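See below for the structure under consideration.
Quantities reported herein were computed from a predicted structural model and do not represent experimental measurements.
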Amino acid sequence: MHCIICQFLEWLIERQSPGRVADLKQQVRAQEYRGLNSDALFQVETDQARLRELYELWEIDPGRAFSEFLALAEEGSVWSMQQVAAALESGLGTAVDPTRAEEWYRRAFERGSDMGLLRAGYLAFVRGAVDEARNILSGGVERGLAAAMRLLAEIELRVEGRYARSKARRLFERAIELGDPIARVKFTRARAYGYFGLKEIPAGIRDIKPMLDALVH
């Protein structure tokens, strides 16, 4: 169930532009992992043509695609490790298995995958290993990964609430300075929810609609 503020924001946007809420959510999801190094990892793979074939196979025979990607991942293909982990997390071509998904994300991030770092950190948080999640994501923060800053800020607010305001604000602001549009969305939403104090709620509510509109134009 949505909170009252969520319902109000969705009503405000939908009233002016029917169907806009769904479009905005899709755009936000599409940009959430923008700027990661997945393309760079793909470029150093030795058999890119094979990987393209298998990626297209997800649509036709996901079970076979998973098996083939798993074999390549076990041989050391980092890009395939990401595919295997994502499939295990979502249940594409295999049973949902968060434990194995986290294991493969971890293997990928240990070999330099930004996506692996983010998802391993998030799944560690989901299973209650907060300090482990912090350690993983802090590694991304130290090397300037804006998405890691944004995710760690969200985790700090969930775990510590108002006691994490200063730390979370700094992380959000650093990510925004690095040009992460989703950090701006998350920070503005957190202000609207009251995470940064009651005084910031009106400004958060006021800013969120024009900010989302700017995001998708």
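More than 12 heavy atoms of other residues, nucleotides or ligands sit less than 6.0 Å from atom CD of Q43. Applying the 6.0 Å contact sphere to OH of Y122 captures no more than 12 heavy atoms from other residues, nucleotides or ligands. In this structure, L198 places its CG atom where only 12 or fewer heavy-atom neighbours from other residues, nucleotides or ligands lie under 6.0 Å away.
Between W79 and L72, the closest side-chain pair of non-hydrogen atoms is not below 4.5 Å. Side-chain contact between V159 and F125: present, with at least one pair of heavy atoms (C-beta onward) separated by less than 4.5 Å. In this structure, E74 and V84 have side chains that are not in contact, with every pair of non-hydrogen atoms separated by 4.5 Å or more. Looking only at side-chain heavy atoms (C-beta outward), L51 and F69 come within less than 4.5 Å of each other. In this structure the side chain of R191 never reaches within 4.5 angstrom of the side chain of I201, judged on heavy atoms.
The backbone N or O of F66 lies less than 3.5 Å from no partner atom in the side chain of Q83, so there is not a single donor-acceptor pair. A donor-acceptor pair under 3.5 Å links the side-chain atoms of S67 to the main chain of G63, judged by distance alone. Here the side chain of D114 pairs a donor or acceptor atom with the backbone of N37 at under 3.5 angstrom. Listed for the S77 side chain is no donor-acceptor partner under 3.5 Å among the backbone atoms of A73. At least one donor-acceptor pair under 3.5 Å links the side chain of R111 to the backbone N or O of R107.
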- For side chain to side chain contact (heavy atoms under 4.5 Å, CB included), just list the numbers for T94 and L88, CA-CA rounded to whole Å, side-chain angles, deciding distance to a tenth of an Å, and then say yes or no. CA-CA 6 Å; T94 186; L88 287 163; 3.8 Å; yes
- Begin from the C-alpha positions of W104 and Q82 and carry the test side-chain hydrogen bond (donor to acceptor under 3.5 Å, both in side chains) through to its verdict. CA-CA 7 Å; W104 278 109; Q82 293 184 162; over 6 Å; no
- Message: For V96 and S90: C-alpha separation, side-chain torsions, deciding distance, then whether side chain to side chain contact (heavy atoms under 4.5 Å, CB included) applies.
- Response: CA-CA 6 Å; V96 172; S90 66; over 6 Å; no
- Query: Does the side chain to side chain contact (heavy atoms under 4.5 Å, CB included) test come out yes or no for R184 and D180, once each step is laid out?
  - Reply: CA-CA 7 Å; R184 187 177 297 277; D180 182 3; over 6 Å; no
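No path of Ile, Leu, Val, Met, Phe, Trp and Tyr side chains, each step under 4.5 Å between heavy atoms, connects F109 with L70, placing them in separate hydrophobic clusters. Y55 and L36 are assigned to two separate hydrophobic clusters, defined by single-linkage of ILVMFWY side chains at heavy-atom distances under 4.5 Å.
Between E154 and R158 there is no salt bridge, since none of the side-chain N atoms of the basic residue sits less than 4.0 Å from a carboxylate O of the acidic one. Note on E160 versus R134: salt bridge recorded, some NZ/NE/NH1/NH2 to OD/OE distance being below 4.0 Å. Using a cut-off of 4.0 Å between Lys/Arg side-chain N and Asp/Glu carboxylate O, R127 and E132 are scored as salt-bridged. Ion pair E68/R64 flagged as a salt bridge, since at least one NZ, NE, NH1 or NH2 atom sits closer than 4.0 Å to an Asp/Glu carboxylate oxygen.
With Y195 as the aromatic partner, R165 does not meet the cation-pi criteria of under 6.0 angstrom to the ring centre and within 45 degrees of the ring axis.
Of the candidates R150, M149, E156, L152 forms a side-chain contact (heavy atoms from CB on, under 4.5 Å) with just one, namely E156.
Ring geometry, F172 versus F187: the interplanar angle falls from 30° to 60°, so the pair is classed tilted.
Heavy atoms only, all atoms of each residue included: E45 and S80 are closest at OE2-N, 4.3 Å.
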